[in-house]
**Student:** 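Okay, handing you the structure first.
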Amino acid sequence: MSSIEQLSDRIPDFAKDVRLNLTSLVADETLSPQRKYGLLLASAIATRNAALIAAIEAAASAVMTSVAIAAAKAAASVMAMNNVYYRFAHLVSNPEYKMMPPRLRMNVIGNPGVDKSDFELWSLAVSAINGCGACIDAHEKTLRAAGVNFEAIQTAVRFAAIMQSVAIAIEAAGPNPLKRETDLPLPSDRLRCDATR
């Protein structure tokens with residue numbers, strides 16, 4: 001059983017739609033394997049859910065080089081910084097902050113070690129999770145200028161949304177989740193357990 005299938009088994013019935021979306025995401029072959037799994041890994045890291053990160057990284061390591069995995073991690077890391085800064089600059093009412101240089105090191109964006117469009121797509125997905133409108137706009141424009149089609153961009157954000165929902169479903173299930181309602185003890189089982197006390 002793959003790491004993603006094991007993760008899917010942890011998603012409880014109240015999040016059946018999430019489980020089905022994860023299944024369809026895995027089957028989706030719209031993106032190249034590197035683009036897809038880098039996107040999933042960067043998005044998983046942005047959710048900060050350890051179980052999701054571990055499962056996606058295990059799956060990604062089967063189709064991505066160590067350099068590409070490092071680039072996906074770099075996209076999540078640098079966007080965590082940029083999304084906070086540029087969301088502030090975008091939302092603050094005083095225009096003075098928009099004129100100030102950010103003075104943040106982000107050289108990896110210019111030289112990510114993988115195809116620039118892949119890195120931009122991963123950065124867009126992380127920016128969507130983190131809710132930075134300025135970064136979303138900037139990455140979408142860069143991707144369109146590079147010839148990436150609307151469908152690939154929409155797929156990236158859809159995959160990011162699914163990763164976020166998987167993380168929330170797993171956390172909402174608690175530490176010892178029962179996946180399906182059929183995993184619950186039947187009333188007669190509960191009575192038998194009570195009678196043995």
**Student:** Evaluate whether atom CZ of Arg144 has more than 12 neighbouring non-hydrogen atoms of other residues, nucleotides or ligands under 6.0 angstrom away.
**Tutor:**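 More than 12 within 6.0 Å, yes.
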**Student:** Which atoms form the tightest heavy-atom contact between Ala59 and Tyr37, and what is the distance?
**Tutor:** CB-CE2, 3.9 Å
**Student:** State, to 0.1 Å, how close Tyr86 and Cys135 come at their nearest heavy-atom pair, and which atoms those are.
**Tutor:** CB-SG, 3.8 Å
**Student:** Of Thr30, Asn21, Asp28, which is the lone residue that meets side-chain hydrogen bond (donor to acceptor under 3.5 Å, both in side chains) with Arg158?
**Tutor:** Asp28
**Student:** Between the main-chain N or O of Ala156 and the side-chain N or O of Trp122, is there a donor-acceptor pair closer than 3.5 Å?
**Tutor:**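 Between the backbone of Ala156 and the side chain of Trp122 there is no qualifying donor-acceptor contact (under 3.5 Å).
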**Student:** Do Ile45 and Met106 land in one hydrophobic cluster if side-chain heavy atoms of ILVMFWY residues count as linked below 4.5 Å?
**Tutor:**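 Yes; tracing contacts between hydrophobic side chains, which count when under 4.5 Å, links both residues.
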**Student:** Can you tell me how far the CD atom of Glu120 sits from the OG1 atom of Thr142, to the nearest 0.5 Å?
**Tutor:** 4.5 Å
**Student:** Verify side chain to side chain contact (heavy atoms under 4.5 Å, CB included) between Ile170 and Leu7, making sure each step is shown before the conclusion.
**Tutor:** CA-CA 9 Å; Ile170 290 169; Leu7 184 72; 3.2 Å; yes
**Student:** To check you understand the geometry: which heavy-atom pair defines the closest contact between Ala58 and Ser3, and what is its length?
**Tutor:**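 In this case the closest contact between Ala58 and Ser3 is CB-OG, 3.7 Å.
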**Student:** Let me confirm one number: the CD1-CD1 distance from Ile56 to Ile69, rounded to the nearest 0.5 Å.
**Tutor:**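 Between Ile56 CD1 and Ile69 CD1, I get 11.5 Å after rounding to 0.5 Å.
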**Student:** Decide whether Leu31 and Ile129 are clustered together by the hydrophobic rule: side chain heavy atoms of Ile, Leu, Val, Met, Phe, Trp, Tyr closer than 4.5 Å, transitively.
**Tutor:**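 In one cluster with Leu31: Ile129, no.
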**Student:** Quick one, His139 with Met79, criterion side chain to side chain contact (heavy atoms under 4.5 Å, CB included). Give me CA distance, side-chain angles, the key distance, then yes/no.
**Tutor:** CA-CA 11 Å; His139 293 294; Met79 286 303 108; 3.4 Å; yes
**Student:** For the pair Lys73 (side chain) and Ala68 (backbone), establish whether a donor and an acceptor sit closer than 3.5 Å, ignoring hydrogens and angles.
**Tutor:** no
**Student:** How many angstroms lie between OH in Tyr97 and CG in Leu91, if you round to the nearest 0.5 Å?
**Tutor:**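 Going from OH on Tyr97 over to CG on Leu91, the span is 13.5 Å.
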**Student:** Does Glu140 form a side chain to side chain contact (heavy atoms under 4.5 Å, CB included) with Phe150? I'd like the steps, not just the answer.
**Tutor:** CA-CA 9 Å; Glu140 190 272 342; Phe150 291 112; 4.3 Å; yes
**Student:** Mind checking the CD-OG spacing from Gln6 to Ser2? Nearest 0.5 Å is all I need.
**Tutor:** 7.0 Å
**Student:** Under 4.5 Å between any side-chain heavy atoms of Leu143 and Leu124, yes or no?
**Tutor:**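 In short, these two side chains touch, coming nearer than 4.5 Å.
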**Student:** Would the distance check show the side chain of Ser43 and the main-chain N or O of Leu40 forming a donor-acceptor pair, the cut-off being under 3.5 Å?
**Tutor:** no
**Student:** Going from CG on Leu22 to CD on Glu5, what distance comes out if it is rounded to the nearest 0.5 angstrom?
**Tutor:**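 Leu22 CG to Glu5 CD: 10.0 Å, rounded to 0.5 Å.
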**Student:** Mark yes or no for whether Arg87, through its side chain, and Asn130, through its backbone, hold a donor-acceptor pair below 3.5 Å.
**Tutor:** yes
**Student:** Please check if Phe88 and Val84 belong to a single hydrophobic cluster, counting links between Ile, Leu, Val, Met, Phe, Trp and Tyr side chain heavy atoms closer than 4.5 Å.
**Tutor:** no
**Student:** Compare every heavy atom of Ala72 with every heavy atom of Leu41, then report the nearest pair and how far apart it is.
**Tutor:**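 Nearest heavy atoms, Leu41 then Ala72: CD2-CB, 4.1 Å.
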**Student:** Would you say Lys116 has more than 12 foreign heavy atoms packed within less than 6.0 Å of its NZ?
**Tutor:**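 Yes, because the 6.0 Å sphere around NZ of Lys116 holds more than 12 heavy atoms from other groups.
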**Student:** Quick check: are there more than 12 heavy atoms from other residues, nucleotides or ligands sitting under 6.0 Å from NZ of Lys141?
**Tutor:**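 For Lys141, atom NZ is not crowded (no more than 12 foreign heavy atoms under 6.0 Å).
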**Student:** Mind listing the closest non-hydrogen atom pair of Ala128 and Val157 along with its distance?
**Tutor:** CB-CG1, 4.2 Å
**Student:** Measure the CG-CZ distance between Asp118 and Arg35 for me, rounded to the nearest 0.5 Å.
**Tutor:** 4.5 Å
**Student:** Kindly work out whether a path of hydrophobic side-chain contacts (I/L/V/M/F/W/Y, heavy atoms less than 4.5 Å apart) joins Ile53 to Val63.
**Tutor:**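 Ile53 and Val63: one cluster.
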**Student:** For the side chain of Arg19 and the backbone of Ile11, is there at least one donor-acceptor N/O pair under 3.5 Å apart?
**Tutor:** yes
**Student:** I need the minimum non-hydrogen distance between Val126 and Asn83, along with the two atoms involved.
**Tutor:** O-OD1, 3.7 Å
**Student:** Do the side chains of Ile168 and Leu52 join up, straight or via other hydrophobic residues, at under 4.5 Å, putting them in one cluster?
**Tutor:**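 No, separate clusters.
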**Student:** Taking the side chain from Asp13 and the backbone from Lys16, do they hold a donor-acceptor pair closer than 3.5 Å?
**Tutor:**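 It does not hold such a pair.
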**Student:** Please step through side chain to side chain contact (heavy atoms under 4.5 Å, CB included) for the pair Ile109 and Ser123, ending with a clear verdict.
**Tutor:** CA-CA 9 Å; Ile109 294 172; Ser123 297; 5.5 Å; no
